[in-house]
Amino acid sequence: MLVGYVSNERYVALCDVALEFANDSITLQARSSATGAIHADIPPGTYQVALQHPGYGSKRVTMTVNPDQPYHFRLLTDCLLGYMWPKAAAAGETSEFRVHAVEEYRLELWRYGAEKQFIRRIGTFDEHGPRATMQITPDGDYTQTGVQWNDQGYNRVAQGQHLKAPDHSGLYYLHARTKSGDFFSFPWVVSPAKPKSAVAVLASDLNWNAYNSFGGRSNYIMPDEFPAVPIVNSRQELERYTRADHFNYGSETYQPLSLDRPEPYNHIDEREQLTDPIESRQGCHLAPTEWRFLGWMEQQGLDYDLYSESQFHFDRFNLDDYRTLIITTHPEYWTRHMYTTLKTWVYERGGRLIYLGGNGLNCEVEFQGDDHRVVHHNGVWHHPPILVEHFGTPEMPYESRMHARLESEANLLGVVFTFDGDMGAAPYRVVDETHWCFAGTGLKNGDTFGHESQNRRVPGGASGHETDKVSPSSPKNLKILAQGTNPGAGGAHMIHYETPTHGEVFSVGSITWPASLLMDEQVSTITANVIRRFAQA
C-alpha cells in the first residue's frame with residue numbers, strides 16, 4: 001500500500017529514507033523509493049513515525065495512515081539558515097530570531113547603510129542536547145502554513161530568542177556563523193518608534209515573499225499548488241520547462257504563500273560591500289539592491305524612516321506624518337488597502353510619491369486573516385506577453401494583474417510594466433531638458449545617462465531588467481522626461497505629474513535604476529534633486 005511520500009525543503013523526492021511506524025499494536029519499518037514513495041503493508045490508523053536520512057534532520061511525527069490520502073513527510077537539510085519573526089519591528093519592539101543550525105553558532109547584529117556597521121554580539125548558541133540547534137519543519141506544504149520554527153523545544157523563558165529593535169531606523173542584518181565556519185545573513189527591517197524624517201521608504205517584503213521558494217513553492221515555481229508527488233527532476237516534470245507555451249499564471253486560484261519562512265535569496269555575503277557588483281540572480285531585485293539605495297541615501301546625507309510593506313498594510317504608520325514616500329527596485333505585489341491608501345494620500349491630501357523601480361504595484365495580494373499568509377491574485381494571465389500595442393485589445397483588455405481586479409497602476413505611478421525590453425538594460429535618453437530634475441547634470445535633449453549599473457544579472461544600464469511605460473491609463477498631464485534606449489519599445493519612461501491637491505509623482509519605471517545610483521553621477525544627481533525637492537514643506 002502507498003503510505004505517502006518524503007521530500008526535502010525544495011519538495012524534491014528523497015530516496016532511501018528510513019521510517020519506523022509504531023503504535024500500541026504494531027511496529028513496522030520501511031524505506032522510501034527513488035520517487036520518495038513509501039510502500040508498506042500496514043493497517044490504516046494513527047502512528048508515531050521516526051524518520052532518519054544522512055544529511056538531514058531526524059524527527060518524529062504523529063500521522064494517520066489513510067490509503068486514499070497519501071501523507072507527505074518533509075525533512076530539512078543539514079545547513080545554516082535563519083530569519084526574524086516578525087521580519088519588521090518598530091524601535092523598542094521585539095522580534096524573534098529563528099536559526100537552523102546543526103552545530104554551535106554565534107549571532108551578531110549589523111546595520112546596513114552607507115557601510116556595514118557592527119551593532120553588537122547577540123551570543124553563542126550551542127547544543128546542550130544532541131543537535132538541539134536544529135529546527136523541525138512541519139510536514140505537507142509549509143509554503144502555505146509557514147515553517148513555524150522555534151515552536152518545538154523553546155518552551156522555557158530562558159530559551160527565548162528575542163531581540164529588541166534598536167532606536168535607529170534602517171535595514172539590519174543578523175550574521176550567523178557556525179563553529180566550522182558556515183555563514184548566513186538575514187534581514188530585519190527596523191522602523192522608528194515615531195516619525196523622525198520627512199521621508200519614508202518602504203522595504204518590499206511582500207515582493208521578497210513572492211520570489212521566495214523556500215519549501216518548494218513561490219509565485220514563480222508551482223505558484224498555484226504542489227503537484228501530487230515530489231519532484232525527481234524539474235526539467236522533466238515542471239511545465240515551465242516541458243511546455244514551450246507555458247506561462248506562470250494559468251489558474252483561477254492560488255494557494256497562499258507564507259512570510260513565515262527563511263529567505264535565502266536575501267542573504268548577503270559577509271565580504272560583500274555597498275559598492276560591489278550585485279552578482280546573485282535574485283539579489284539584483286530584492287533586499288541586496290534595496291540596501292544599495294539606502295546606503296546611497298546615507299552617503300548623500302538624506303534622512304529617511306524605513307518601514308516594510310507589511311507594516312504599511314497593517315497601518316503601522318501614518319502617511320500624513322510624511323511629505324514623501326519612496327518605493328524602490330521592485331515593489332510588484334501590493335494589497336488593495338495599500339494601493340487605495342497611497343492613491344488617496346497623493347490625490348486628495350497632496351502626498352508626494354517617488355517610484356524608483358520597475359514592475360511595481362502590478363498584482364494584488366491579499367492577507368488571509370493573519371499576518372503571514374498571502375494569496376497572489378494572478379488570475380489566468382494571457383500569452384503572448386503584454387506589449388504596449390496590445391493594451392485595450394480583446395487579447396489584452398487589462399494592462400496588468402492589478403488592472404484586472406482594481407485599476408491599472410498607471411493611474412497612480414504614471415507607468416505600467418510591459419514585456420517590451422524584458423531582461424535587457426540600456427541607458428536613458430533625455431526628452432525634456434527643461435525639467436528641474438536635471439538641474440546640475442549638464443544634460444541636454446538627446447543626451448544619454450545611466451550607462452553603468454551594479455546589476456550583474458542584466459548589465460547594460462539604468463533602464464532595464466523590467467521596465468514600465470506610459471499607457472492609456474496614465475494621467476493626461478503627465479510629462480515624459482527621459483526614455484530608456486532599450487531596443488524596440490523596451491525603454492523605461494521617466495515621468496512626473498502633479499495632482500490638483502499639489503500631490504506629485506515621479507517615476508523612473510526601471511528595476512535597475514537603484515543599482516545605478518552608486519555608479520552613475522547623473523542618475524545620482526537626478527534622484528537627489530527629486531528627493532530634496534519633494535521633502536521640502
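Below, all heavy atoms of this structure are taken into account, side chains as well, without hydrogens, waters or symmetry copies.
- Donor-acceptor pairing under 3.5 Å is lacking for the side chains of R429 and N445.
- Here F226 and Y11 bring their ring centres to under 6.0 angstrom of each other.
- Remark: the Y339 side chain and the E409 side chain contain no N/O donor-acceptor pair separated by less than 3.5 Å.
- Remark: T341 pairs with F312, L319, H337 by the side-chain contact (heavy atoms from CB on, under 4.5 Å) rule, at least two apart or across chains.
- Among residue pairs with one or both ends in residues 81-91, those qualifying as salt bridge (Lys or Arg N to Asp or Glu O under 4.0 Å) are K87-E263; sequence neighbours excluded.
- The shortest side-chain heavy-atom distance between T441 and T525 falls under the 4.5 Å cut-off.
- Counting only residues at least two apart or on different chains, the side-chain hydrogen bond (donor to acceptor under 3.5 Å, both in side chains) pairs with a member in residues 477-492 are S463-N486, Q483-H493.
- Aromatic ring centres of F293 and W513 lie farther apart than the 6.0 Å criterion allows.
- R10 CZ: 12 or fewer foreign heavy atoms inside a 6.0 Å radius.
- Among residues two or more places apart in sequence or in another chain, the salt bridge (Lys or Arg N to Asp or Glu O under 4.0 Å) test is passed with E279 by none.
- Here the closest heavy-atom approach between residue Y428 and residue S510 is recorded as OH-CB, 3.2 Å.
- A donor-acceptor contact closer than 3.5 angstrom is absent between the side chains of E364 and W334.
- For the ring pair (Phe, Tyr, Trp, His ring centres under 6.0 Å) test, no residue two or more places apart in sequence or in another chain qualifies with Y241.
- The salt bridge (Lys or Arg N to Asp or Glu O under 4.0 Å) check on D370 picks up R373, with sequence neighbours excluded.
- For T501, the side chain to side chain donor-acceptor pair (under 3.5 Å) criterion is met by T499, not counting sequence neighbours.
- In this structure, a donor-acceptor pair under 3.5 Å is present between the side chains of Q144 and D141.
- Within the 4.5 Å cutoff, side-chain heavy atoms of V530 are placed close to those of W436.
- A donor and an acceptor atom, one from each side chain of Y249 and N219, are located under 3.5 Å apart.
- Of the N and O atoms on the side chains of S310 and S308, not one donor lies less than 3.5 Å from an acceptor on the other residue.
- Applying the salt bridge (Lys or Arg N to Asp or Glu O under 4.0 Å) rule to pairs touching residues 283-294 yields E272-R292, sequence neighbours excluded.
- Annotation: R243, atom CZ; neighbour count of heavy atoms from other residues, nucleotides and ligands within 6.0 Å is above 12.
- Here the closest non-hydrogen pair linking A410 and V416 is CB-CB, 4.1 Å.
- Take D303 and apply the side-chain contact (heavy atoms from CB on, under 4.5 Å) test, not counting sequence neighbours, and it matches S197.
- For R349, the salt bridge (Lys or Arg N to Asp or Glu O under 4.0 Å) partners two or more places apart in sequence, or in a different chain, are D320.
- Scored by the side-chain contact (heavy atoms from CB on, under 4.5 Å) test, S169 finds P192, L306 as partners (sequence neighbours excluded).
- Counted within 6.0 Å of CD on E252, heavy atoms from surrounding residues, nucleotides or ligands total 12 or fewer; the atom is thus considered open.
- Of the N and O atoms on the side chains of N455 and S453, not one donor lies less than 3.5 Å from an acceptor on the other residue.
- Ring pair W110/Y173: centre-to-centre distance not below 6.0 Å.
- R323 meets the side-chain contact (heavy atoms from CB on, under 4.5 Å) test with A198, A537; sequence neighbours excluded.
- Using a 4.5 Å heavy-atom threshold, the side chains of L274 and L518 count as touching.
- Between the side chains of T512 and H465, no donor N or O sits under 3.5 Å from an acceptor N or O.
- Side-chain contact annotation: S524 with W296, donor-acceptor N/O pair under 3.5 Å present.
- Between Y83 and F186, the ring centre distance reaches or exceeds 6.0 Å.
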